[in-house]
Amino acid sequence: MSRGLAGKPLLDPLTRLMEVLSAALSDYLGLPRGEVERQITRPPRSEYGDLSFPLLRYQRENWDAAAETVRGRLWEEGIRFAGVEVFRGFLNVRLDGEQLAEEVFRLQAAGWAPKPSPAPEPGVVVVEHTSANPIHPLHMGHARNAALGDSLARLLRGRGHRVNVRFYVDDVGRQSAVAALGFKLAGTTPGELAERMGVKKDWAVGWVYSVTHTAMDAVRLRGSEAVEDKAKLDEALAALARLKEKGPREVFEAILEGVGRLEDPEEAVAGIMRRYEAGLEPEKSLVRGIAEAVLEGFRETLERFGVSFDAWDWESWLVWSGRVARVIEEARRSRYHIIYKGAEALDIPRIIRELVEPDSEVRSRMPLPRGFEIPPLILVRSDGTTLYTTRDIAYSIYKFEATGADSVVNVVGADQRLPQLQVRLALLGLGYRREALNMLHYDYEIVRLPGRRMRSRRGEYVALDEVLDEAKARAAVEVRERNPGASEEFVERVAEAVAVGAVRFALVRPGRAKPITLQLEKVLDFKENSGPYLQYTHARANSILEKHGPIDYLKARPAALAEGDRRELLVEALRFPLVAAKAADDLAPEDLASYLLRLADEFNSWYQKDSVIHELDEGARHAKAALVKLVRDTLAEGLSLLGVEPLEKM
RNA sequence: GGGCCCGUAGCUCAGCCAGGAUAGAGCGCCGGCCUCCUAAGCCGGUGGUCGGGGGUUCAAAUCCCCCCGGGCCCGCCA
């Protein structure tokens, strides 16, 4: 971090203004600093000012006194302003453009670069994300999870928190056992099969899993007389017909016949689960081997996608290490332990009555559905194996213990709301109040295919690998067109970055509560409102700077940026530290995405009518170059926080 | 049956949590702009009963209630 002479971090002018303004207003109004800060916003029109506060919510009169107080405070702090006025109840502060420009020149000369305003109280944050079952390649649903989770991690890091990113490998569940059964029947391994099919290992496993799962469905449904089962059977058979075309015939037949020959396929799966949980061979090596193979594929895809993890946590390890057993022991000693439907369980309704309802802090941080009774949570199956939720309780505790985390963010689909809540309630019941309160379910809506859901079990999904390849192919065409004679290496590198940028941006920009219908043409549209648009704008700004050469801050004339469009662009770029900080605090990468689009729009509009390198006045030219540098560096940092590579040339 | 989420321009979305200043973008469509810093761009035009109704308020897209439409969840699955 660049520091000033006094050893203090160099603060950008808007972060400083925010600090002074919120302090002044919170003193004046007697309100908590945080509340004031939350309400200080960008005014809807730039004529109003640079920052704005809705005074009328707190005072119906005497607005001039508030303005006078703020003026006095800014004065004391040496912040020059062009105006502090109350207009229609809003207190608007407009900074002195010349001083702003001077500040920027000074900061840039000292090596400062835009970044989120530092968090007042940095903490340790765990972000768990993606955590796809290791039985098929990552599809676009997982990609949304990864894009969100990784952006959150980058944002939180940028804000100054210590972030620990974890992937939970769910190898103990039924689905892994199904895949294992498939490979057992097929008599092959993921590596062998992948080579034969000419695909990544995760794809090979995905195919075996879908075939096996669907075959089991078909066998089960065959015996049924119910009308709806007949329809389901037809659907399963159709899915099998499609799957048949995608892999080696003999392997397909071997699985199909194998499943048909089994007396009780469900019991075969359950048996694998039991033996795997117990850590017995050969199931242990079989299931592990499959999961490892898929993870290899995940890593390859994720690396491409710009996503990395600090730790991979194996669910099986939680079982084998005794951590799950410990949770069950703790449950047995707990006053909330009951027998429910003949199985060991936690009395969730009682936990709610005794630990949630009387505790206002818990109530406000763990909103429960009203009028909906959450049933007791079963911890152990009758056959002694554990349930996913039980293991998740152990994992939740582990995430805090292993990292010393202050808070844990779980990026998990919105369809998991109830189980996530159950885990938190269970933690509360077992005495892990701090953990229960500081674990957050960051939920997001699913990615749908036009007209239907993606279904891994039927092999009906659009894999992230395919989308990236398609995007890359399209990008390569454009890159070649725009850069005649460019090396293949350049085309390759830029196309890949554009592809990743397009996909990641498309997945992060819509609010997470919005279901995304995957329309490839939209994801692959590199026009305005896209990742590539931002990369392009960055490249354009970069190109100007290259042509301009080094900026001489002694020559740069601040007054050249003090008014008009240049001033507006300057202020907009300077908002970045505040915007990024708020996006981090709100866990809202989409807010950063919107901001970057607006900044790029303003830059492009300005670019069109005001030339930099053709500016005749030397002082103005260096000043404008500094402005371009500010915009370029801001876009670069913002894009990086979203995991989109800022390209220098494209 | 109950709970949660979503419904804003032809299409995709922002704004809603923390009510206020002329409801914003993009795509599409129509018309312009490359002897001048990257046209993945820019400028202009087109397009909105903020799902419907009621309420609270000086003020509602935003808060509350009811209704309609869509999705998800209510398992000894994950």
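On the C1' atoms, rG45(B) is 36 Å away from rC68(B), given to the nearest whole Å. Taking atom P on both rC34(B) and rC16(B), the two are 41 Å apart, rounded to the nearest angstrom. For the C1' atoms, the distance from rG15(B) to rU62(B) is 9 Å, rounded to whole Å. A distance of about 11 Å separates the C1' atoms of rC63(B) and rA18(B), rounded to the whole Å.
Using a 4.0 Å cut-off, some side-chain N or O of R381(A) falls inside it from OP1 or OP2 of rC77(B). Of the side-chain N and O atoms in Y607(A), none sit less than 4.0 angstrom from OP1 or OP2 of rU38(B). A close approach under 4.0 Å does not occur between any side-chain nitrogen or oxygen of K527(A) and OP1 or OP2 of rG26(B). Phosphate proximity of rG20(B) to Y58(A): absent, as no side-chain N or O sits under 4.0 Å from OP1 or OP2.
Residues forming a salt bridge (charged side-chain N to carboxylate O under 4.0 Å, His left out) with K472(A) (at least two apart in sequence, or on another chain): E492(A), E496(A).
Side-chain proximity of F372(A) to the nucleotides rC42(B), rC37(B), rC74(B) is greatest for rC74(B). The side chain of Y536(A) approaches rA39(B) more closely than any other nucleotide in the set rC37(B), rG71(B), rA39(B). Closest to the H614(A) side chain, of the nucleotides rC5(B), rC36(B), rA78(B), is rC36(B).
At least one test fails for K514(A) against the ring of Y444(A): distance under 6.0 Å to the centre or angle within 45° of the axis.
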Intermediate values then yes/no, salt bridge (charged side-chain N to carboxylate O under 4.0 Å, His left out), R391(A) and E277(A): CA-CA 11 Å; R391(A) 301 188 295 264; E277(A) 272 206 44; 3.7 Å; yes
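R88(A) comes within 4.0 angstrom of sugar-phosphate atoms only, judged by non-hydrogen atoms across all strands, and of no base.
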